[in-house]
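Have a look at the structure below, then the notes.
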2 protein chains.
Amino acid sequence: MSDDFDISPEDLAARAAWLSFVGEMTQDQIAQELGISRQRAQRLVARAYAEGLVKVRIEHPVAQCLELERQLRNRFGLSKARVAPGLGERGEPLRAISPYAAHEFEQIFQDPAAKIIAFGTGRTLRAVIDQMQSVDGGHHKVVSVIGNVAPDGSASFYEVIMRIADKTNAPHYPMAVPVLARNDEEFALYRSLPHVQNTIALADQADVAIMGIGQMNENAPLLLDGFITRDELDELRKAGAVGEIGGHIFDQNGHYLDHRINDRMLGVRVPINESPVLCVGGGEQKIAPLKCALKGKLITSLITDETTAIEILR
Amino acid sequence: MSDDFDISPEDLAARAAWLSFVGEMTQDQIAQELGISRQRAQRLVARAYAEGLVKVRIEHPVAQCLELERQLRNRFGLSKARVAPGLGERGEPLRAISPYAAHEFEQIFQDPAAKIIAFGTGRTLRAVIDQMQSVDGGHHKVVSVIGNVAPDGSASFYEVIMRIADKTNAPHYPMAVPVLARNDEEFALYRSLPHVQNTIALADQADVAIMGIGQMNENAPLLLDGFITRDELDELRKAGAVGEIGGHIFDQNGHYLDHRINDRMLGVRVPINESPVLCVGGGEQKIAPLKCALKGKLITSLITDETTAIEILR
DNA sequence: CCACTAAATGAGCATATGCTCATAATGGGA
DNA sequence: TCCCATTATGAGCATATGCTCATTTAGTGG
C-alpha cells in the first residue's frame, strides 16, 4: 500500500486527507501508511483542508433555522429562504452561509432543464463558489450582469463567472467592460460594443439571477474596490442610497436611485423580466441593505445566516 | 446567540458539529457558545459524527484510482467503474467504499427521468445507504429483488429498501417473503402469492439493479445469516459455488449454479433484461466472487476500493 | 415511596494535534 | 557555478481532544 515513488503533490494531500477523515487514522498512522513523517502528514491534511479538497456538510435541519426560513418567506413573500446556523458573535457570517449557499447553487446547476443563469459579483459569491462541489452543468449558460474590469483596468478581483464555469463546466459569458462608465458618452460607447450587446441580450433572458448585496456605509464594496470615490459615496448617501445589487444603488424603499452615478452603471438591473433573484448575504452590515431590498421586492429568494435573519425579522 | 432554553437533543448535536466543523471552533469555544460544559460539547460533536450527521467528502480524483478505473472498464467491458482510495491494510474496505458509492447512488436518484431501481441486500448496501445524503427521488420506484424475511421469521436485518426509501422519498416495494423456500412446493406457493407476483413483475422492469456480492467461504453471508446450513454450504462449494448476487449462487465462470438450493431462491436474478447491474463490494473475501461475476458478465458497473481493484486486475 | 438500573455528567489524564522555530532543500537569476 | 530567496522539513512544545472512571441524575418497577 505504501507508495513506491511519489506522484503528484496534491494527490498525496488528497490521500492523506482521505486517510484522516474517512479512515479516521491518526497522523502517525497516516505517516506510516504513506511512508512520510508525521509532520508531513499533518501538513498535507491541513493543506487539503485549506485548499478546499475536504468538504464537510452537516445533514440536519436545525429547528430554529427552519422557523426563521418560514418567517422570512411569509413576511417578504419569498419563494425560497435558507438560514444557516450562526457561528456566534465572532464567527464570520460568510463562513456559515457558504456551505448552505454552495449546496443551493449545486442544486440549481443539477437541474436538467437548460437554463441561463445570471451572476453578480463580490466577495460573498466568490466564497460560495469556492465551497461548491464540481457538478456537471454543461447544458446551462452562465452570464455576468456586471462589468468585470476594475477602475485601474485590471480584471475585477471578485468576478465569479470564470470560477463558476470551472466548477460547472458551463459556457460562460463575462461582461468585458468596466463596472461603471465615467460619463454618459463613455456609457453610450460601451453599451454600443457588440460583445456587450450580446452579453446584455443574453442576461436579459436569464432564468434566474444569483446576486450578492452591497452596503453603502464606509465599508461599501463600491468604495473599497475603487469604483466610486468617498465624495461620490457621501453624495449618494445624501441622495438616500442604502445598498446596491450588482452595482445598482437603491434607497430605503428598495427603489433604484435616480442619480447620475447610478445611471452610468453598465450592467443589467435585477429583477430581470420577472425572473427569480436569489440573493446571498449576511453579516451586520448587510442587514439594512437586505431589509430595503426585500421591501422593494428586488429579490425573491434569500440565503443568509441565523443572526442576520433574526435582525431582518426584528 | 446562547440558547435560552434547550430544544431538541439532536438539534444541539447538529449545532455543536456545525460550530466544530464549519466554524472551526475548539470545544471550549463551542461549550461557551452553547452554554454547556466542554465535556458535553465533545460528546455532542462525537455523537453527531457517529450518527452520520456529519458528511465528509474529499473532492479530488486520486490519479492511481482513476487509472484503476480505466483498467477495470477496459478489461471487463464495464460501463462504469469507481475505485475508492484504500485505507491501508487495517482499514475496513467498506469504510472506503461507502462514501464513493453513496455519491453514485445520489446521482442515480437525482436523475430526473423516472426509473425503477432494483436493490439487493446486505451489509455493504446498508453501509452505503447510511452514508447517503437525503435526495429528492420521489419520482423513482425502488423494488427489492430478494426476500426480506430471515429464516427465523424476523425481518431480514440487512434489507435496504426501507432505508433507501427513507433517504430518497421513493415509493418502495419490498419482497415480503423469505429469501429461500424450503422446498419446491413452498417455492411454488410463495411465487404464486399476488403481492410477490406484483413485486417480481416490477423488478422485471427495473432500469438498473444495485447489488452487493457474497462470498461462499466459511464467512458466507448466506451461512452467517442462517439462510443455508454449513452442510449445504459445503455441498454448494463442491458443486462449484464461488459467490452469489442477490442470493443466486454462481460458479467460477460466473454462471448460475444448477443446484436444488439455488433453484429455491425466491428473488429475481440479475442481470434483468439487459438492464445495467451496479455492484458494490470490496475486501479480500470479495475478490474471487467479483472476478467470477465479472467474467460471467453478471455485472456491468463496479464500485470497489483500491486494494480490491488491484487484486481483481492482477 | 423506595430501590434499582441505565443514562448523563464532570474531573483527570494520556494522547493527538498543530504551531513555532531552526535547519535543510530547492529553484531561479546573475 | 554560485548566491540568495523561497519553500519544505523535522524537533520540541503548548494546547486540544477523547477516553476512563467515579458520581449524579433520571427513569422504572416493585
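Throughout, protein chains are lettered first and strands after them, A, B, ... in sequence-line order, and every chain is numbered starting at 1. Atoms considered below: every heavy atom in the structure, side chains included; atoms not considered: hydrogens, waters and symmetry mates.
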In terms of heavy-atom contacts, B/Ile36 and B/Arg40 come closest through CG2-NH1, 3.6 Å

Using a strict cut-off of less than 4.0 Å between a Lys/Arg side-chain nitrogen and an Asp/Glu carboxylate oxygen, indicate whether B/Lys286 and B/Asp305 qualify as a salt bridge. no

Going 5' to 3' along DNA chain C, which are the first and last nucleotides with any atom under 4.0 Å from a heavy atom of chain A? C/dT17 to C/dT20

Specify whether A/Phe119 and A/Phe105 have parallel, tilted or perpendicular ring planes, treating 30° as the upper limit for parallel and 60° as the lower limit for perpendicular. perpendicular

Please determine whether side chain to side chain contact (heavy atoms under 4.5 Å, CB included) holds for the pair A/Val62 and B/Trp18, giving the CA-CA distance in whole Å, both sets of side-chain angles, and the decisive distance to 0.1 Å. CA-CA 10 Å; A/Val62 177; B/Trp18 176 263; over 6 Å; no

What's A/Gln27 touching, base or sugar-phosphate or nothing? Going by heavy atoms closer than 4.0 Å. sugar-phosphate

Is B/Gln107 close to B/Gln110 at the side-chain level, that is, under 4.5 Å between some pair of heavy atoms? yes

